[in-house]
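Here is the structure we will look at.
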Amino acid sequence: MARVLLFGRLSDIAGWREKTLDPSPTRLSDLRAQLAAEDAALGEALAAPGVQVALDQVLVRGDATLSTRSEVAFLPPMSGG
Amino acid sequence: MARVLLFGRLSDIAGWREKTLDPSPTRLSDLRAQLAAEDAALGEALAAPGVQVALDQVLVRGDATLSTRSEVAFLPPMSGG
Amino acid sequence: MISLTEQGFDPGPLLSGFCCGRAETGAVASFTGLARGEGGATKVLELEAYPGFTEAQIGAIAEAAKARFELHDLMIVHRIGKIAPGEPIVFVATAAAHRRAAFEACDYLMDYLKSRAPFWKKEHGPDGARWIEPRDEDHADIARWA
Amino acid sequence: MISLTEQGFDPGPLLSGFCCGRAETGAVASFTGLARGEGGATKVLELEAYPGFTEAQIGAIAEAAKARFELHDLMIVHRIGKIAPGEPIVFVATAAAHRRAAFEACDYLMDYLKSRAPFWKKEHGPDGARWIEPRDEDHADIARWA
């Protein structure tokens, strides 16, 4: 049951902030494909430049292997202060 | 009776912070000469580079005409903050 | 000290506490970011963080600042949740022996918080809500430290 | 607001007051200068001003900063008289729409206060007293604004 977290405008686009995927995809690329299949607009937004991915709270680039306990967060451009 | 004010290390050198000169010198150069005649070390310190002069609270360069009510301040290098 | 808070805060007591008892620190620089009303339009900012990750990323920014500048100490307090115009969003303070290091570290920390710290900022205005992303100036500012 | 004070002051309440009620100001930078003990040696600073002239010259520095940077406001509080290690000597705050102007104006004001404002600073230490003049770094800092 991988957990997916969306932040900023991504959760507005999706209409949700957090969901669990059961069964868990085994790779980040599979997880992206599954989310895009469910919601094409979200799939496009997740693939947009500037959207980073944190796997278990560590930034990752490219693909990655997921476990059933993985937390995958999609992070649009950040703006604090 | 021109008033002379000394600040910072200048008053330590002179041993005074403020004095009135009566009769008043008519020019700043005369006032400098009079102070140097009374105290050669002070005269040298007043002529050192970096020592500015304020006449009636306005910075002046070179010579200037004094009145009997003039306030002449000698200002060594400044350091605030 | 790094903290996120959903409660409003006053930067003054934070600065007092940060300055207190520093007999060897000559310089304390601070920055307070306030929510702007933008010409009287009623606007509310809403700041979202990623609990745990946001603190960790700010911690990494703080460590980078400590490695780069000769700092005695630093403090970062960041508001999350809904913020009304005029309320403080962020407070950063830096302590150093001399003022150049304190100023530069404070400037650096703010540039990184603006475009590298995991916060997402939504502005609720009379015409609806919009997400705010870093401005061109923010990208130019952070490029100064490359 | 520009003021000289013989009394000790706490920068916190000054910052709180300066930030308060600013719905259009996004950025407040501040600098607090503290007297350094310099390695435990008991030292007392003594700051002399030229009453009237000092305030006027600081006022001119403040006007130059307002002309150069897009400021909403600024505040300068400077201590005079005897100051123990750890006590605040100077507090400068600047308010602007965006942080770059606030930081730069605060930095500029401190550089000018350090070497162009009419103060004379004597350090009383275990080996007697000495007058402190601007350091090479202070001259280099102020040359940045030429």
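In what follows, chains are A, B, ... by sequence order, proteins preceding strands, each numbered from 1.
Proximity to chain D (any heavy atom under 4.5 Å) is shown, for C/Ala93, by neither the backbone nor the side chain. Contact annotation for D/Cys20: neither backbone nor side-chain heavy atoms come within less than 4.5 Å of a heavy atom of chain C. Contacts of D/Ala95 with chain C are absent, with no heavy-atom separation under 4.5 Å from either backbone or side chain. Heavy-atom distances place no part of D/Phe18 under 4.5 Å from chain C, backbone and side chain included. In this structure, the portion of C/Asp141 lying under 4.5 Å from any heavy atom of chain D is its side chain and not its backbone.
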**Request:** Check the pair C/Ile58, C/Phe119 against side-chain contact (heavy atoms from CB on, under 4.5 Å), reporting the backbone distance first and the verdict last.
**Result:** CA-CA 10 Å; C/Ile58 296 175; C/Phe119 291 104; 3.7 Å; yes
**Request:** Kindly determine whether C/Phe103 and D/Phe103 satisfy ring-ring contact (aromatic ring centres under 6.0 Å, His included), including the steps that lead there.
**Result:** CA-CA 8 Å; C/Phe103 269 130; D/Phe103 269 130; 7.3 Å; no
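In terms of non-hydrogen atom pairs under 4.5 Å with chain D, the most contact-rich of C/Arg135, C/Glu87, C/Glu137 is C/Arg135. With respect to chain D, the highest number of heavy-atom pairs below 4.5 Å among C/Ile89, C/Asp10, C/Val90 belongs to C/Asp10. Taking C/Leu14, C/Asp111, C/Thr25, C/Val28 one by one and counting their heavy-atom pairs under 4.5 Å with chain D, the maximum is reached by C/Val28. The candidate from D/Gly26, D/Gly33, D/Ala35 with the greatest count of non-hydrogen atom pairs under 4.5 Å with chain C is D/Gly26. Chain C forms the most heavy-atom pairs under 4.5 Å with one residue out of D/Ala29, D/Ala84, D/Pro13, D/Gly21, and that residue is D/Ala29. Between chain D and the options C/Gly17, C/Ala102, C/Cys106, heavy-atom pairs under 4.5 Å are most frequent for C/Cys106. Your options are C/Cys19, C/Gly12, C/Ala97, and the one with the most heavy-atom pairs under 4.5 Å with chain D is C/Gly12. By number of non-hydrogen pairs under 4.5 angstrom with chain C, the leading residue of D/Ser30, D/Ala27, D/Pro11 is D/Ser30. In terms of heavy-atom pairs under 4.5 Å with chain C, the best-connected choice from D/Thr94, D/Val92, D/Leu15 is D/Leu15.
Here C/Arg99 does not pair with D/Asp107 in a salt bridge; the nearest charged N to carboxylate O distance is not below 4.0 Å. Checked for salt-bridge contact, D/Glu123 and D/Lys43 meet the test: a charged N lies under 4.0 Å from a carboxylate O. Salt bridge annotation for C/Lys66-C/Asp73: absent, with no cationic side-chain nitrogen under 4.0 angstrom from a carboxylate oxygen.
A distance of 6.0 Å or more separates the ring centres of C/Phe31 and C/Phe91.
In this structure the side chain of D/Ser3 reaches within 4.5 angstrom of the side chain of D/Met1, judged on heavy atoms. Using a 4.5 Å heavy-atom threshold, the side chains of C/Ile142 and C/Arg116 count as touching.
Residues D/His72 and D/Glu24 have side chains that never bring a donor and an acceptor to within less than 3.5 angstrom of each other.
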